[in-house]
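What follows is a set of notes on a single structure, which appears directly below.
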Amino acid sequence: MLTPVPPPSSSETGFVLRALTVIIGLVVGLMFLFGFGNVWSLALRLGVPVWVAPLVAPAVDLSVLGLLIAIRYLAVRGAGPEVLRPARRLLLFVSVVTLALNVSEPLVEGQFGKAAFEHRATSHRLCT
């Protein structure tokens, strides 16, 4: 017979939430740096001016983050599918752009293993 587990105390819940927030923040930060390096390298390879190259990745990443937060905010406040659909479509588009930016340089160079690795890393970033 299973014994019921007592509910966690408020201090335990607070600690778990803070720990999860820190861990997720670290993962998002590291993935941001990963994408930043990939896109900067690609931009320089394509001849984008040096002062513009580091601006592309943050713009795309912050678009994804902003859309995720906005969609969650609207969903929690009861927005219906007709309100959420355009934001989700835009999120899908920006996610595809993020993936394309991260894997295009290795694909052009014929480094398919590197492209697969960067696809995997980008997929994790998009899911967080």
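Positions are given from 1 along the sequence.
Partners of V83 according to the side-chain contact (heavy atoms from CB on, under 4.5 Å) rule, which considers only residues two or more places apart in sequence or in another chain, are L74, A79. Every residue was checked against the side-chain contact (heavy atoms from CB on, under 4.5 Å) condition with A70, not counting sequence neighbours, and none meets it. Remark: R88 engages no residue in a side chain to side chain donor-acceptor pair (under 3.5 Å) (not counting sequence neighbours). Qualifying side-chain contact (heavy atoms from CB on, under 4.5 Å) partners for V60, counting only residues two or more places apart in sequence or in other chains: V94, V97, T98, L101.
Listed for the S95 side chain is a donor-acceptor partner under 3.5 Å among the backbone atoms of L91.
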Can you give me every donor-acceptor pair (side chain of residues 21-28, partner residue at least two apart or in another chain, under 3.5 Å) with its distance?
{"unit_1": "T21", "atom_1": "OG1", "unit_2": "L17", "atom_2": "O", "d": "2.7"}

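Under the ring pair (Phe, Tyr, Trp, His ring centres under 6.0 Å) criterion, no residue pair touches residues 46-98, with sequence neighbours excluded.
Under the 4.5 Å side-chain contact rule for hydrophobic residues, L65 and L67 do not share a cluster. Both V50 and F36 sit in one connected hydrophobic cluster of ILVMFWY residues. Membership requires side-chain heavy atoms under 4.5 Å apart, directly or through other members.
The nearest pair of heavy atoms linking A53 to V48 is N-CG1, 3.8 Å. Shown here for D61 and F32, the closest heavy-atom pair between the two residues is OD2-CD1, 3.2 Å.
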